[in-house]
Every structure is written in C-alpha cells, then in structure tokens.
Amino acid sequence: MVLVIVGKVVSELEKGGFDQTVVSSGNAASGDFSEDLWKTVREVSSVVLEDMEKAKRKEKMKNFLQAEEVKEMCRFAGEVGIRGEMLREYSFKWEREKMEESEFYQSLERFKEEEEKTEGQEEGSSYGIGALEQDSVEDSGAEEPKIVSLPKWCGKINYM
C-alpha cells in the first residue's frame, strides 16, 4: 500500500509539482486518494523538507566552525579563561555570525549579478528596431534615477 501511495505522489509531483498537487487535490487525477491522505502526505513532506533544510544548515555551520576567525576567537577565549559550556556557546554564536555575514555578502553578489543582467538586457534592447527614436527621446529629457535597495542585514555588525 505504501508503494502505491509513493508511486501516486511521485507521479503527481512529476506532472506539475507538489504545489499544484496541493491546490488540485480535488481534481480527478488525485481522486484516487482521499483528502485526508493528501493532507497527511503534505504534512509528512513538509516535515521532511524542514529536516532537510536543518541538515543543510547544520552542514553549512560545520564549515564555518572551521573558519580561521572562529578558531582564533575560540583560542583567545580559552586563553582568557572561558571553558566548557560557555566556550561552546560562544563558538556556536561566532559560527552563526560568520555564516550570516557570508550569506549577506552572497546575497549582495547575487543582487549585483542580477543588476548587471538587467542592465545588459536594457542595453541590448535599446539597439534594436526603433533605437533612434529611443535615443532622441532619452537625449531630450533628463534620466530618471533608479531606486536600488540592498538586502536586509540579519545579524549584528562586528566592529573588530
């Protein structure tokens, strides 16, 4: 019975993704199973996805525990006299801060790449048909400033 359920869920996912399966749970394609069974499948899959995200985050944090800055701060804390549970808490805190800092800079890089792509597309489209008309309109009026926002910073700024 479990194999039949898994096969049906997989076929629904291949057809249009799980989001559409959730929305179209009353359709004829998903009419093989009851609404309660689909509800259970959604709950189980959401728990599994959450666990997968936690595992990814944990693995990512392990990499930052080996970062040179975190090691240096832990060494200093040990020399000062911080030991045991307090040192462990501090190392997790520094590790999390380092990870948040890294994610922040990665989001800035993604934002920069997206901005470059949009600028490239705008430049490429301005040299198509009607480019002379666009150039004459742009030259006659002042350029409108672009509004650009940065991603939110989630952690505290470290002034070391």
Side-chain angles (χ1 to χ4, degrees), residues 1-125 146-160:
M1 182 64 184
V2 173
L3 288 174
V4 172
I5 294 171
V6 170
K8 183 63 177 171
V9 170
V10 168
S11 69
E12 287 292 320
L13 288 174
E14 288 174 349
K15 286 181 185 175
F18 194 69
D19 294 335
Q20 291 180 0
T21 304
V22 172
V23 174
S24 67
S25 61
N27 291 350
S30 61
D32 298 342
F33 300 130
S34 68
E35 181 64 32
D36 293 334
L37 184 58
W38 281 115
K39 182 180 175 184
T40 305
V41 167
R42 287 188 296 267
E43 290 173 0
V44 169
S45 63
S46 66
V47 169
V48 168
L49 288 174
E50 288 173 8
D51 289 344
M52 288 171 56
E53 288 295 320
K54 286 180 185 177
K56 285 180 187 177
R57 192 156 182 87
K58 189 175 180 180
E59 286 298 317
K60 196 172 182 181
M61 282 187 72
K62 283 181 185 178
N63 292 336
F64 287 103
L65 184 60
Q66 302 301 322
E68 191 61 37
E69 291 179 24
V70 175
K71 285 182 180 179
E72 187 177 316
M73 288 189 279
C74 288
R75 239 181 276 124
F76 177 74
E79 290 173 3
V80 171
I82 298 173
R83 302 265 189 257
E85 192 65 31
M86 180 76 93
L87 180 61
R88 185 171 185 240
E89 287 179 24
Y90 277 133
S91 67
F92 282 134
K93 176 186 173 209
W94 294 326
E95 177 182 352
R96 186 174 50 252
E97 287 175 355
K98 185 73 174 162
M99 185 177 68
E100 289 172 353
E101 179 183 347
S102 173
E103 288 174 348
F104 174 73
Y105 287 119
Q106 287 174 354
S107 66
L108 283 178
E109 287 296 320
R110 281 191 302 253
F111 180 75
K112 181 180 173 185
E113 290 172 2
E114 290 174 2
E115 192 65 27
E116 288 174 354
K117 285 180 184 177
T118 56
E119 288 176 3
Q121 290 174 353
E122 290 174 359
E123 290 175 4
S125 65
K146 290 184 179 179
I147 299 174
V148 178
S149 64
L150 296 174
K152 285 189 173 183
W153 176 258
C154 297
K156 294 183 180 179
I157 299 175
N158 192 2
Y159 297 102
M160 293 185 136

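The shown structure was predicted, so the numbers you read here are calculated from the model rather than taken from an experiment. Heads up: numbering here begins at 1 and tracks the sequence.
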[Y] side chain reached by [X] side chain, heavy atoms, under 4.5 Å:
{"X": "K93", "Y": "R96", "answer": "yes"}
{"X": "S102", "Y": "Q106", "answer": "yes"}
{"X": "M52", "Y": "V48", "answer": "yes"}
{"X": "K39", "Y": "R42", "answer": "yes"}

Output the distance between atom [atom1] ([X]) and atom [atom2] ([Y]), rounded to the nearest 0.5 Å.
{"X": "K58", "Y": "N63", "atom1": "NZ", "atom2": "CG", "value": "13.5 Å"}
{"X": "E113", "Y": "K117", "atom1": "CD", "atom2": "NZ", "value": "6.5 Å"}
{"X": "F64", "Y": "E100", "atom1": "CZ", "atom2": "CD", "value": "10.5 Å"}
{"X": "M61", "Y": "Q66", "atom1": "CE", "atom2": "CD", "value": "12.5 Å"}
{"X": "K54", "Y": "E50", "atom1": "NZ", "atom2": "CD", "value": "6.5 Å"}
{"X": "L108", "Y": "K112", "atom1": "CG", "atom2": "NZ", "value": "10.0 Å"}

ask   = How about E103: does its CD atom have over 12 heavy atoms from other parts shown lying under 6.0 Å from it?
value = yes
query = How about Y90: does its OH atom have over 12 heavy atoms from other parts shown lying under 6.0 Å from it?
reply =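 Count not over threshold, so no.
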ask   = If you measure from the Lys or Arg side-chain nitrogens to the Asp or Glu carboxylate oxygens, is any gap between K62 and E59 under 4.0 Å?
value =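 Judged by the 4.0 Å cut-off on N to carboxylate O distance, K62 and E59 do form a salt bridge.
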message = Under 4.0 Å between a side-chain nitrogen and a carboxylate oxygen: does that hold for R88 and E95?
response = no
message = Please find the pair of heavy atoms, one from K98 and one from A67, that lie closest to each other, and give the distance.
response =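 Closest approach of K98 to A67, heavy atoms only: CE-CB, 4.3 Å.
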ask   = What are the two closest heavy atoms between A77 and L87, and how far apart are they?
value =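 Distance-wise, the nearest heavy atoms are CB-CD1, 3.6 Å.
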